[in-house]
Amino acid sequence: MSSATASESILSIGEVRTGLLGHSAQLSTAETVKLLDLVPGEQVRHTAYPRAYAVSPQRLAGIDCFMPSRSGRRVRGVGTFATRAALTGGLIVQSCSHTTLVPSSLGYRQAWSHYLAEPGVVECLGRLRPEDAAAGFAEDEHGHLNIEMGRTAESTIFDLQRSGLLDGRQPLHAPLGRWRWALQPVREDGDPGLYRFTVLPEGTRLLRLAVAWPNVSDLLDLVEDLALHDWLLDFVHRQIERARLGSGDLDRTLQHIGPVIDHLLHHWMPKARVQPGLYGLWDAFDRFQGLTRQWNLTTDRIRDHVALNSLRLVRRAESEWPGLG
């Protein structure tokens, strides 16, 4: 996005989906790059440090509809939203669709060539109130209905799942994590920080932030990292419930907890791809939600349970074959 457009931005909004690839093992770097080659002629960015991560080039889709509004204001927006896919550890897949709302310089609709010149930007043909639009999109259960970016994010993941590179054998069957967010620029008299975080009954997370950060790409990294760790915590907790730790059914425990240990626990790495200047926002969210505290309790419980069952197996073996002791 151009610096001129960024300086005039009213609001950045988007949706993130997080899940597991339908594959039995971690993809190699070469396989990851091939999978995420969504736009011919454009490069897939990837790194191996501090963990394997790759992100696709962005694909665009057009928007011509009324913008979100809690009060019911009808402000038309025309432009594009961008969608990218990312793969963490060769196995955790995310897709993010997003756009930045800006005021129209002319006040009337122009040819599509004008909007394509500013990818991932929607021009508002009327006065959009940032607070009203942010609340309408990221605090209302149905705030996404005019701008169905979530559907595009989900269809991007479903397209990846159909790739011939994947064998279709997921080590775990995990539901998609859904996040919808709105990021407002901070005014000179405003304070950056967490504004609102809501979990809808069906599990979608709604996030509003006020940020003093002009680089939209960096903010996408922040939101995706938050969504990834929230999804990890939520899914591992679900697996523990399914395993019924302490029930005495070791086979059931291994069925649900074994793949978690093999494929997920080592991916907990907060802020691994977040710019240092945005650490404060990650930490504020962490304090607000207690992600790290819950994760530590959860992983300690898993390790203690594994250690206890290992001890039980040793004691059982010693009682059945005394000579082993």
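Residue Leu232 is tested with Ile92, Leu265, Thr298, Thr18 for a side-chain contact (heavy atoms from CB on, under 4.5 Å); the sole match is Ile92.
With contacts defined as side-chain heavy-atom distances shorter than 4.5 Å, the pair Arg109/Asp64 qualifies. Thr80 has its side chain out of reach of Thr99: every pair of non-hydrogen atoms, C-beta onward, lies at least 4.5 Å apart. Side-chain contact between Leu172 and Phe235 is present, with heavy atoms from C-beta onward closer than 4.5 Å. Here the side chains of Cys96 and Trp181 are in contact, with some heavy-atom distance below 4.5 Å.
The structure places CG of Leu222 at 11.5 Å from OG of Ser217, a figure rounded to the nearest 0.5 Å. Atom OG1 of Thr152 and atom CZ of Arg17 lie 10.0 Å apart (nearest 0.5 Å). To the nearest 0.5 Å, the span separating CD on Glu224 from OG on Ser95 amounts to 8.5 Å. Distance check: Gln94 CD to Ile157 CD1 gives 8.0 Å after rounding to the nearest 0.5 Å.
Sequence neighbours left out, the pairs with a member in residues 38-63 that pass salt bridge (Lys or Arg N to Asp or Glu O under 4.0 Å) are Arg51-Asp225.
When all heavy atoms of Leu207 and Phe197 are compared, the pair lying nearest together is CD1-CD1, 4.0 Å. Here the closest heavy-atom approach between residue Ser97 and residue Thr83 is recorded as OG-OG1, 2.6 Å. Contact detail for His46 and Ala54: the closest heavy-atom pair is CB-CB, 3.7 Å.
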Please tabulate, one pair per line, all N/O donor-acceptor pairs under 3.5 Å involving side-chain atoms of residues 134-150, not counting sequence neighbours.
{"residue": "Glu139", "atom": "OE1", "partner": "Arg70", "partner atom": "NH2", "Å": "3.4"}
{"residue": "Glu139", "atom": "OE2", "partner": "Arg208", "partner atom": "NH1", "Å": "2.3"}
{"residue": "Asp140", "atom": "OD1", "partner": "His142", "partner atom": "N", "Å": "2.7"}
{"residue": "Asp140", "atom": "OD1", "partner": "Gly143", "partner atom": "N", "Å": "3.4"}
{"residue": "His144", "atom": "ND1", "partner": "Arg180", "partner atom": "NH2", "Å": "3.4"}
{"residue": "Asn146", "atom": "ND2", "partner": "Phe66", "partner atom": "O", "Å": "3.1"}

In a table with atom names and distances, give each donor-acceptor pair under 3.5 Å that connects a side chain of residues 29-41 to protein atoms at least two apart or in another chain.
{"residue": "Glu31", "atom": "OE1", "partner": "Ser28", "partner atom": "N", "Å": "2.9"}
{"residue": "Glu31", "atom": "OE1", "partner": "Ser28", "partner atom": "OG", "Å": "3.3"}
{"residue": "Thr32", "atom": "OG1", "partner": "Ser28", "partner atom": "O", "Å": "2.9"}

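Taking the six-membered ring where the residue is Trp, the centroids of Trp179 and Phe285 are separated by under 6.0 Å. Less than 6.0 angstrom separates the ring centroid of His229 from the ring centroid of Trp282.
Thr88 and Arg273 share a donor-acceptor pair across their side chains, judged by distance under 3.5 Å alone. Side chains of Gln294 and His237: a donor-acceptor N/O pair is absent below 3.5 angstrom, by distance only.
With respect to Glu202 and Arg178, no salt bridge is recorded, no charged nitrogen being found less than 4.0 Å from a carboxylate O. Ion pair Asp283/Arg287 not flagged as a salt bridge, since none of the NZ, NE, NH1 or NH2 atoms sits closer than 4.0 Å to an Asp/Glu carboxylate oxygen. A salt bridge does not link Arg293 to Asp286: none of the charged nitrogens lies less than 4.0 Å from a carboxylate oxygen.
Remark: the backbone N or O of Gly22 is paired with a side-chain donor or acceptor of Gln161 at under 3.5 angstrom. Of the possible polar contacts, none joining the Ser56 side chain to the Arg84 backbone as a donor-acceptor pair under 3.5 Å is found. Using modelled atom types, no side-chain atom of Ser104 and backbone atom of Cys124 make a donor-acceptor pair closer than 3.5 Å. One N or O on the side chain of Arg205 and one on the backbone of Gly203 form a donor-acceptor pair closer than 3.5 Å.
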Take Arg73 and Arg127 through the test side chain to side chain contact (heavy atoms under 4.5 Å, CB included) and record every step on the way to the result.
-> CA-CA 10 Å; Arg73 288 175 59 87; Arg127 184 183 177 188; 4.1 Å; yes
Check the pair Gln275 / Asp221 against side chain to side chain contact (heavy atoms under 4.5 Å, CB included), numbers first and verdict last.
-> CA-CA 8 Å; Gln275 289 295 319; Asp221 289 340; 5.6 Å; no
Trace of the side chain to side chain contact (heavy atoms under 4.5 Å, CB included) decision for Val16 with Leu228 = CA-CA 9 Å; Val16 182; Leu228 184 148; over 6 Å; no
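Applying the side chain to side chain donor-acceptor pair (under 3.5 Å) criterion to Gln170, with sequence neighbours excluded, gives His173.
Connectivity analysis of hydrophobic side chains (ILVMFWY, heavy atoms under 4.5 Å, direct or indirect) links Leu206 to Leu200. Grouping Ile, Leu, Val, Met, Phe, Trp and Tyr residues whose side-chain heavy atoms lie under 4.5 Å apart, directly or via other members, places Leu125 in a hydrophobic cluster with Val78, Trp112, Tyr115.
Within a 6.0 Å radius of CD in Gln43, no more than 12 heavy atoms belonging to other residues, nucleotides or ligands are found. The number of heavy-atom neighbours closer than 6.0 Å to CZ of Arg129, taken from other residues, nucleotides and ligands shown, is 12 or below.
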